[in-house]
Amino acid sequence: MTDLFGGSPETNPLYDDATDVQLLDTTLRDGEQAPGISLTPDEKAEIAQALDRAEIDVIEAGSACTGEGERQTIRRVTDLGLDATITSFARGVKNDIDLALDCDVDGVTIVVPGSDRHIETKVNTTRDEVVADTEELVAYARDHGLWVEVIGEDGSRADLEFLERLAEAAMDAGATRVCYADTVGHAGPERAYEVVSALSEYGPVSTHTHDDLGLGVTNALASVAAGADLIHGTVNGLGERAGNVALEEVAIALDHSYDLETVDTTQLYELGQTVARSTGVQLPPNKAVTGENAFTHESGIHTDGTLKDDQMYEPYPPEKVGRERRIVLGKHTGRAGAQAALQEHGFDVSDEELTEVVERVKAIGDRGKRVTDADLLAIAEEVQGTDRERRVELLNLTAASGGGIPTASVRLRVDDDERTASGTGSGPVDAAVSAVREALGEAANVTLESYEVDAITGGTDAVVTVEVEMSRGDTSVTVANSDTDITTASVKAMVDAIDRLLSVPGEDPVPLADD
């Protein structure tokens, strides 16, 4: 294991024959088992399609044995005609395989007890019976044309001699592969390397790691170094307890450090966002690959260096994983960052004006506030003594969502006119945004890139701050607004962002003729 970790930017092979490593995604099964997550058939189909666009090799669509509702969902995925191999999780009983076959899957992952704790306490059986049952189940599944993977559950705490016996029996019965499972995230990389090395003597080996010790990726890489050629993972690291190994982190680690391509990495960010929206589990800002801060710079030293050389403080370009680099403003902002942000929005300032802008930005940051684009532009306008005439302003908003379809109406001042419009949506905020779009027409077509809500006070009269990022063409702007009502804060922030996007300095104003 002396060359386990690569010496980027040079890349080292994990082992001499590690030329083709594939990924199995279990977000729709193991990921959904995380507390509080329940995916609808539509959501599972959307995630499966996103996984397929990322060129994931195997998608575990669920557990057919769970119930008819789950089976309908699995059928929804198998009916999509995806390129990936679609599988179902199956316990060590024949009926689970029959239920999987009824869903028209390509394969099954058969899970049998691996450790004595599971054999004797959980299942109340013997090692000999586990081996015999596994041989019978594998032969049955293979006779029905299925791709078959056998997992010895709790493999990291199992007796290695028994795991080898189980693997040999499974492969002799016709299994496609066997899998090392660190079911409870118990082991370190030495154990993963030891077990996978032994199992690989009997045929193709997969690895299934969890992150309870923060070693999910490390154990996956150790498994590959030992001969595994298929890694189980979940998008965003979802899963029980501390979660499964994060699929996107494994993919970029193999790509960047070992020159092993497993997926279309440019799809990873959108894949992560799709899963976050569907599950309601938002990503920590400091998460690797897909976290909001992964390619965001505020520090003056880092910003200045990045603007001079985009590789200065980043291991790989953000575009590699479908991201864009962001420069944000706050207490650590330097002149280079502030000037770059102003130029992005069409503002030219003198050295003296830039100094004043930076001082004011730092003063806001010192108060614990994030400085949005709107804050920066307002500061620059004040420093230059220029008055910006608003083109769009919210005059009145009403919204209702009790019992029926959420509706909203708005009254806007648009240039010299007043316009009213109404809309419906999935909630009051969505309905209000629909009304704003209706009032402005196609000329103000903008895209909501991100939407974040933070409660900044407690109690029944809590004030919330809504921050939005919106774009029009190649121009984007962030705006924050606070109010006791989340719908009001949201709509005001969006209207302010739209107003900024309609009048970019140095560009002709967008016409807003009343359609």
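Note: hydrogens, waters and symmetry copies are ignored here, and every other heavy atom, side chains too, is used.
Side chain of T73 to backbone of G69: a donor-acceptor contact under 3.5 angstrom is found. S63 places no side-chain N or O within 3.5 Å of a backbone atom of C65 that could act as its donor or acceptor partner. Side-chain atoms of T27 do not come within 3.5 Å of backbone N or O of G31 as any donor-acceptor pair. At distances below 3.5 Å, not a single donor-acceptor pair connects side-chain atoms of S422 with backbone N or O atoms of A435. Under a 3.5 Å cut-off, the side chain of S206 and the backbone N or O of C179 do not form any donor-acceptor pair. Side chain of E43 to backbone of T40: a donor-acceptor contact under 3.5 angstrom is found.
Partner of R391 under the salt bridge (charged side-chain N to carboxylate O under 4.0 Å, His left out) criterion, out of D499, D417, D415: D415 alone.
Looking at heavy atoms from C-beta onward, V263 lies in side-chain contact with T265 at the 4.5 angstrom threshold. Counting heavy atoms from C-beta on, the side chains of L247 and V250 never come closer than 4.5 Å. The closest side-chain heavy-atom distance from N219 to V245 is not below 4.5 Å. No side-chain heavy atom of T87 sits under 4.5 Å from any side-chain heavy atom of D106. In this structure, P41 and K44 have side chains that are not in contact, with every pair of non-hydrogen atoms separated by 4.5 Å or more. Annotation: side chain of Q339 is not in contact with side chain of V357 (no heavy-atom distance under 4.5 Å). The shortest side-chain heavy-atom distance between W147 and T109 falls under the 4.5 Å cut-off. Counting only heavy atoms from C-beta outward, the side chains of S278 and L39 approach each other to under 4.5 Å.
For E469 and R500, the salt-bridge test fails: no basic side-chain N is under 4.0 Å from an acidic carboxylate O. Using a 4.0 Å cut-off between charged nitrogen and carboxylate oxygen, R411 and E393 do not count as a salt-bridge pair. A salt bridge between R71 and E68 is present, with a side-chain N of the basic residue lying under 4.0 Å from a carboxylate O of the acidic one.
Atom CD of E352 has 12 or fewer heavy atoms from other residues, nucleotides or ligands within 6.0 Å. The number of heavy-atom neighbours closer than 6.0 Å to CD of E438, taken from other residues, nucleotides and ligands shown, is 12 or below. Remark: D79 CG is packed, more than 12 non-hydrogen atoms of other residues, nucleotides or ligands lying under 6.0 Å away.
Residues M470 and A497 come closest through the heavy atom pair SD-CB, 3.7 Å. What you find for G239 and N244 is that their closest heavy atoms are CA-OD1, 3.5 Å. Of all non-hydrogen atoms in L28 and D25, the two that sit nearest each other are N-OD2, 4.3 Å. In terms of heavy atoms, M494 sits closest to V433 at SD-CG2, 3.1 Å.
A distance of 10.0 Å separates OG1 of T478 from CD of E452, quoted to the nearest 0.5 Å.
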Please set out all donor-acceptor pairs under 3.5 angstrom arising from side-chain atoms of residues 45-52, sequence neighbours excluded.
{"residue": "D52", "atom": "OD1", "partner": "D83", "partner atom": "N", "Å": "3.2"}
{"residue": "D52", "atom": "OD1", "partner": "A84", "partner atom": "N", "Å": "3.1"}
{"residue": "D52", "atom": "OD2", "partner": "D83", "partner atom": "N", "Å": "3.2"}

*For the pair H232 and E149, evaluate side-chain hydrogen bond (donor to acceptor under 3.5 Å, both in side chains) and give the outcome as yes or no after the intermediate values.*
CA-CA 12 Å; H232 292 204; E149 178 184 65; 3.0 Å; yes
_Criterion side-chain contact (heavy atoms from CB on, under 4.5 Å) on R390 and D496, from CA distance to verdict_ = CA-CA 9 Å; R390 289 193 62 124; D496 288 349; 2.8 Å; yes
_Could you walk me through whether V410 and N396 satisfy the side-chain contact (heavy atoms from CB on, under 4.5 Å) test, starting with their C-alpha distance in whole Å, then the side-chain angles of each, then the deciding distance to 0.1 Å, before giving a yes or no?_
CA-CA 6 Å; V410 296; N396 187 60; over 6 Å; no
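Remark: the T407 side chain and the T424 side chain contain no N/O donor-acceptor pair separated by less than 3.5 Å.
By the side chain to side chain donor-acceptor pair (under 3.5 Å) test, T26 is found to be paired with E60, residues two or more places apart in sequence or in another chain being considered.
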